[in-house]
Amino acid sequence: MTAIVELTDVTKRYVQGSVEVMALRGLTFTVEAGEFTAIVGPSGSGKSTALNLIGALDRPTGGVVKVEGRNLAEMGARALSQLRRDRIGFVFQAYNLMPVLTAYENAEMVLALQGVDPAERRERVVKLLADVGLAGLEQRRPEELSGGQQQRVAIARAIASDPAIVLADEPTANVDSETAESLLALMEALNQRRGVTFLFSTHDARVMERARRIIRIVDGRVESDEKKPAHPQQPGTGVPAG
Amino acid sequence: MAWRNVWRNRRRSVVTISAMAFGLWVMILYAALMDGYVQGMERGILDLEVGDLQIFPEKFRENPTLWTTIEDPDALLEPLVSQGFSASGRVLAFGLVAAGEASAGVSFRGVDVERDATITKVQDEVARGEWLDPADPKGVVIGRRLAKMLAVDVGDELVVLTQGIDGAMAYDLYNVRGVLRGIADATDRGGVFLNESALRELVSVPEGVHQIIVRRPADLALDLAAGEVRGVAPDLDVQTWKQLMPTVASLLESTQGIMLAMFVVMYVAIGMLILNAMLMAVFERIRELGVMKALGVGPFEVLRLILLECGIQVGIAVAAGLSLSLPALAYLSTSGIDLGALAGTSVLGIAMEPIWRAAVSTGVFTKPVTVLVVIVGIAVLYPACKAAAVQPVEAMRHH
């Protein structure tokens with residue numbers, strides 16, 4: 001298996017006014033390609049901070065963060081921006097879609113930034129939106145979609161560019177249980193069918209239940225790292241059948 | 001995306017665009033009216049009073065006497081005309097005119113009617129009566145205030161009193177053939193135009209002229225023209241109109257600066273509005289901009305987006321401002337503003353035209369638009385840079 005993410009002895013210190021907060025205190029773990037992993041822990045334990053560091057949205061105070069073998073500390077702002085665009089997908093708790101763009105345009109955005117040919121873009125996005133259950137809703141704006149539908153658009157946007165990993169920060173926190181189940185089923189299916197690597201930060205028991213690996217963080221350190229028994233492999237796909 | 005962002009807050013965008021369009025409209029009209037005013041003043045100076053250049057005998061301006069003349073004017077006029085200039089000599093004298101109980105000190109200007117028409121348009125400024133006619137040697141044309149002061153009008157007699165070149169008293173009777181409109185203070189109060197031959201006879205100056213008025217070719221700059229004329233008349237006193245009327249020249253030159261200052265004052269106010277509107281547009285979307293950065297949109301792309309949003313608003317404002325200015329300019333350049341009671345009053349000795357018309361040229365549009373774009377460009381730079389520098393993690397914490 002290939003390590004997509006490697007965290008080695010990562011620390012992160014925030015200074016808020018005169019108060020210094022150690023969010024991470026020597027966090028170390030790796031995420032392999034094709035994993036469906038949840039980082040769990042109480043509020044303030046450092047889950048979101050870890051995701052932000054992996055997502056190249058923030059820089060660690062100490063330690064090493066590598067994505068696909070590249071040390072993020074050695075990369076400039078432009079290179080990090082390109083890394084986020086090309087290799088990392090984000091799914092946020094609050095969906096964070098562009099309100100002036102349609103579902104189609106939101107999903108297309110990263111591909112447009114990458115300069116993918118419009119015809120290819122169209123083909124990929126239409127198929128992607130159908131895959132996430134939004135066929136027929138392509139031209140709706142976020143305000144015209146339910147929370148669950150918006151999160152599906154966000155998932156489509158996150159995987160449109162075939163990233164190495166999708167970082168999902170509390171993706172089910174703003175939706176009802178039924179929608180949460182369907183979103184999780186969708187992400188699980190994408191993981192299994194397309195081999196998309198997912199790394200969640202969550203409190204949600206439903207996510208923990210579906211995740212095949214759970215990294216528990218307490219006070220900025222890994223308290224436990226538990227892998228569930230492997231699922232049988234689908235013939236020829238190389239990804240777990242789930 | 002930029003287009004849609006502009007219309008997210010429709011009211012704010014409409015107010016911003018309207019303010020820019022209104023400012024542009026005002027500035028275009030202001031520029032056209034100021035250009036019209038300057039051109040009117042220049043017309044008054046160049047066409048009716050001074051010409052582009054004047055040639056005098058050495059020392060004449062310090063001590064104007066009848067016997068200080070350019071002895072052979074034709075030797076100058078012919079080469080000047082062959083080089084594309086228009087030029088005409090004048091005989092000048094000073095004296096008194098009287099009618100009834102009233103009298104006034106005046107300057108006599110003896111003109112070659114045919115040749116003078118190539119360097120002046122004063123003949124078109126006759127308010128009552130007619131311009132000089134060589135066939136009517138006793139007919140004179142006088143300034144409007146002089147006519148009022150002497151209480152004379154067309155057809156009335158004037159007694160002219162002066163001194164001949166030999167020092168003897170010279171006097172004669174003339175008829176008022178025409179009364180001029182307001183041109184310039186000196187002409188209005190004391191200008192008496194006569195046929196050149198009549199004045200020569202009166203003051204006994206059979207040859208030579210005291211002044212040659214020169215008009216340059218339209219495409220020749222004043223300084224270059226002065227150089228060429230000095231080449232033709234190296235021993236004479238060649239003066240440009242700016243040297244002869246430095247205060248007026250300075251006023252007209254400063255008009256461009258005043259206009260630019262007005263643009264800046266007006267547009268700085270608009271720039272503040274833009275700065276405020278764009279700052280609001282950035283801050284209310286700070287989270288969204290953070291998400292964009294998180295998704296891999298680079299700082300340059302964010303900067304470009306904000307500039308484009310502003311550019312769209314400026315583009316609409318420019319289109320609206322230009323469109324609205326066209327009918328207003330059409331009216332102001334044809335009908336103009338009737339100055340009514342102000343007509344004929346003078347500014348630095350040059351009479352204002354009775355109708356103030358706008359002068360329409362490319363510059364009337366390009367200058368206000370350019371200054372608007374520059375000021376708005378400066379105003380939007382701060383919010384655009386602010387947006388470009390957004391840190392995704394911090395921005396996404398905003399609610």
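Since we're looking at a predicted model, the values are computed, not measured. Sequence lines set the chain letters: A, B, ... in the order given, protein chains first and strands last, and positions in each chain run from 1.
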What part of R87(A) gets within 4.5 angstrom of chain B, counting heavy atoms only: side chain, backbone, both, or neither? neither
Nearest 0.5 Å please: distance from the CE atom of M98(A) over to the CG atom of N5(B). 9.0 Å
One pair to check against side-chain contact (heavy atoms from CB on, under 4.5 Å): L57(A) and K293(B). What are the steps and the verdict? CA-CA 9 Å; L57(A) 298 176; K293(B) 298 283 285 280; over 6 Å; no
Given R78(A), M109(A), Q82(A), the one with more heavy-atom pairs under 4.5 angstrom with chain B than any other is M109(A)
Take a 6.0 Å sphere around CE of M22(A) and say whether it holds more than 12 heavy atoms from other residues, nucleotides or ligands. yes
Does CZ belonging to F29(A) count more than 12 external heavy atoms closer than 6.0 Å? yes
So which part of E105(A) gets closer than 4.5 Å to some heavy atom of chain B, the side chain, the backbone, both or neither? side chain
Please report the closest heavy-atom contact between A294(B) and F90(A), naming both atoms and the distance. O-CE1, 3.2 Å
Check: V100(A) main-chain N/O paired with R4(B) side-chain donor or acceptor under 3.5 Å: yes
Gap separating the CD atom of E394(B) from the CG atom of D58(A), nearest 0.5 angstrom: 8.0 Å
Pick whichever of L80(A), I88(A), L113(A) has the most heavy-atom pairs under 4.5 Å with chain B. L113(A)
Taken to the nearest 0.5 Å, the spacing of S81(A) OG from E301(B) CD works out to 7.0 Å
So does F300(B) have more than 12 non-hydrogen atoms from other groups sitting under 6.0 Å from CZ? no
Step-by-step side-chain contact (heavy atoms from CB on, under 4.5 Å) determination, R85(A) to L295(B): CA-CA 5 Å; R85(A) 185 190 70 190; L295(B) 296 177; over 6 Å; no
